[in-house]
Amino acid sequence: MRPLIAGNWKMNTLRADGSALVAGLVEQRSRKDPGCDILVCPPFISLGLIEDIISGSPILLGAQDCHKEEFGAYTGGISAAMLSDAGCGFVILGHSERRAQNYETDLLVSQKVSAAHANDLVSIVCVGETLIDRDAGSTLSVVEEQLLGSVPKNANAKNTIIAYEPVWAIGTGKTPTTMQITEVHDHLRVLLENHFAEGGGFRILYGGSMNSSNAGEILSVKNVNGGLVGGASLTVKDFWAICTSF
């Protein structure tokens, strides 16, 4: 399967910053195919602007969340239909920051994934343990519960991607060892193969303080099929270095 490197810009970049960032990526991609798909997920307000800049290039566009409902009286909500209409092909769902800060449950994430699938969006579903979970030896049971609770039973390798993001590694500069990453990604692969059609074809991304220095080692791990990158996706130099780590 072709790997995917996705940049989650989170609540960063103004219009000028985002424009310059993605224009730089388009220029780099026009010179070289790094051997992976490249996805950018800017803030909602910049989707239209970024879509115009990447138009005609291989760079893909995604969003950072969507509402579970199609339309309605949901002030501040953005539906999957709206994202599709804005040119998105992907959406990140169940990120640990939304699970923690917005109290999103596995059930709600699953409902959002279904909404995304109904509107032809590929869902990047995030799972991952806290430091308390890891210290308690509960990592595998936590990610298993999140995976099976957040991904609808009819999901498949074409419309769903899994991202493993240990919560304690996000934005901290700390990363699990390759052995720890291998253990979780192998477990996720077995779960996908046992519970979903085409389970062996799902891409499983790693996220959590991935940068240009550690990307090569992490991306060489079996069952790591790309990365979900946060802070390092905010500069052309750092993000492109990760993309070319393959």
Side-chain angles (χ1 to χ4, degrees), residues 1 3-10 34-39 41 64 92-101 104 106 109 123-151 160-195 199-200 202-235 238-246:
M1 67 190 72
L4 172 71
I5 300 294
N8 178 11
W9 295 5
K10 304 189 179 183
C36 65
D37 292 334
I38 300 173
L39 170 67
C41 299
Q64 299 174 23
I92 300 169
L93 296 170
H95 192 281
S96 63
E97 290 161 359
R98 293 199 61 85
R99 289 179 185 266
Q101 298 167 14
E104 294 193 359
D106 292 339
V109 175
S123 298
I124 300 176
V125 183
C126 301
V127 300
E129 83 283 7
T130 65
L131 186 58
I132 293 175
D133 295 328
R134 176 157 286 280
D135 288 344
S138 303
T139 295
L140 297 185
S141 61
V142 167
V143 297
E144 179 171 342
E145 181 178 356
Q146 289 177 341
L147 176 71
L148 299 182
S150 301
V151 180
T160 306
I161 296 168
I162 306 302
Y164 167 56
E165 290 200 313
V167 179
W168 52 273
I170 299 174
T172 65
K174 300 177 180 178
T175 55
T177 64
T178 53
M179 185 177 297
Q180 290 171 324
I181 295 172
T182 298
E183 180 185 38
V184 176
H185 278 246
D186 286 354
H187 186 61
L188 290 171
R189 178 66 67 201
V190 170
L191 290 172
L192 291 168
E193 290 176 343
N194 288 343
H195 293 275
F202 279 69
R203 287 188 282 194
I204 307 174
L205 313 183
Y206 171 78
S209 294
M210 179 181 281
N211 56 52
S212 57
S213 298
N214 61 28
E217 181 179 14
I218 294 173
L219 294 170
S220 68
V221 173
K222 180 184 177 183
N223 285 320
V224 173
N225 312 120
L228 181 57
V229 185
S233 70
L234 297 176
T235 69
D238 290 342
F239 191 56
W240 186 250
I242 293 173
C243 293
T244 55
S245 293
F246 292 100

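The side-chain hydrogen bond (donor to acceptor under 3.5 Å, both in side chains) check on Thr235 picks up Asp238, with sequence neighbours excluded. Remark: His185 engages Tyr164 in a ring-ring contact (aromatic ring centres under 6.0 Å, His included) (not counting sequence neighbours). Remark: Glu104 pairs with Arg98, Lys112 by the side-chain hydrogen bond (donor to acceptor under 3.5 Å, both in side chains) rule, at least two apart or across chains. The side-chain hydrogen bond (donor to acceptor under 3.5 Å, both in side chains) check on Arg203 picks up Asp37, with sequence neighbours excluded. With sequence neighbours left out, Ser150 forms a side-chain hydrogen bond (donor to acceptor under 3.5 Å, both in side chains) with Arg99, Asp106. Every side chain to side chain contact (heavy atoms under 4.5 Å, CB included) that Ile132 has, sequence neighbours left out, goes to Thr130. Shown here are the side chain to side chain contact (heavy atoms under 4.5 Å, CB included) partners of Ser141, two or more places apart in sequence or in another chain: Ser138.
Taking the side chain as every heavy atom from C-beta outward, Phe202 and Met1 never approach each other to under 4.5 Å. The shortest side-chain heavy-atom distance between Leu219 and Met210 falls under the 4.5 Å cut-off. The closest side-chain heavy-atom distance from Val125 to Ile161 is not below 4.5 Å. Contact check for Gln64 versus Asn8: side-chain heavy atoms found under the 4.5 Å cut-off.
To the nearest 0.5 angstrom, Lys10 atom NZ is 9.0 Å from Leu234 atom CG. The line from OG1 of Thr178 to CG of Asn214 is 11.0 Å long, rounded to the nearest 0.5 Å. A distance of 13.0 Å separates CD1 of Ile170 from OG1 of Thr175, quoted to the nearest 0.5 Å. Distance CD1/Ile181 to CD/Glu183: 11.5 Å, rounded to 0.5 Å.
Heavy-atom minimum distance, Cys126 versus Ile92: SG-CG2, 3.8 Å. Considering all non-hydrogen atoms of both residues, Gly128 and Val167 come closest at O-CG2, 3.9 Å. Here the closest heavy-atom approach between residue Gly7 and residue Ser233 is recorded as CA-CB, 3.6 Å. Scanning all heavy atoms of the two residues, the minimum distance from Pro166 to Pro176 falls at CG-CG, 3.7 Å.
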Taking only distance into account, with no hydrogens and no angle test, what donor-acceptor pairs under 3.5 Å do side-chain atoms of residues 221-232 form with protein atoms, sequence neighbours excluded?
{"from": "Asn223", "atom 1": "OD1", "to": "Arg189", "atom 2": "NE", "distance (Å)": "3.0"}
{"from": "Asn223", "atom 1": "ND2", "to": "Asp186", "atom 2": "OD1", "distance (Å)": "2.9"}
{"from": "Asn225", "atom 1": "OD1", "to": "Arg189", "atom 2": "NH2", "distance (Å)": "2.9"}
{"from": "Asn225", "atom 1": "OD1", "to": "Ile204", "atom 2": "N", "distance (Å)": "2.9"}

Show me the side-chain donor-acceptor pairs of residues 239-246 shorter than 3.5 Å, one per line, residues at least two apart or across chains.
{"from": "Thr244", "atom 1": "OG1", "to": "Trp240", "atom 2": "O", "distance (Å)": "3.0"}
{"from": "Thr244", "atom 1": "OG1", "to": "Ala241", "atom 2": "O", "distance (Å)": "3.2"}
{"from": "Ser245", "atom 1": "OG", "to": "Ala241", "atom 2": "O", "distance (Å)": "2.9"}
{"from": "Ser245", "atom 1": "OG", "to": "Ile242", "atom 2": "O", "distance (Å)": "3.2"}

Intermediate values then yes/no, side-chain contact (heavy atoms from CB on, under 4.5 Å), Val143 and Asp133: CA-CA 10 Å; Val143 297; Asp133 295 328; over 6 Å; no

Step-by-step side-chain hydrogen bond (donor to acceptor under 3.5 Å, both in side chains) determination, His95 to Glu165: CA-CA 8 Å; His95 192 281; Glu165 290 200 313; 2.9 Å; yes

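A salt bridge (charged side-chain N to carboxylate O under 4.0 Å, His left out) check over residues 134-148, counting only residues at least two apart or in different chains, returns the pairs Glu129-Arg134.
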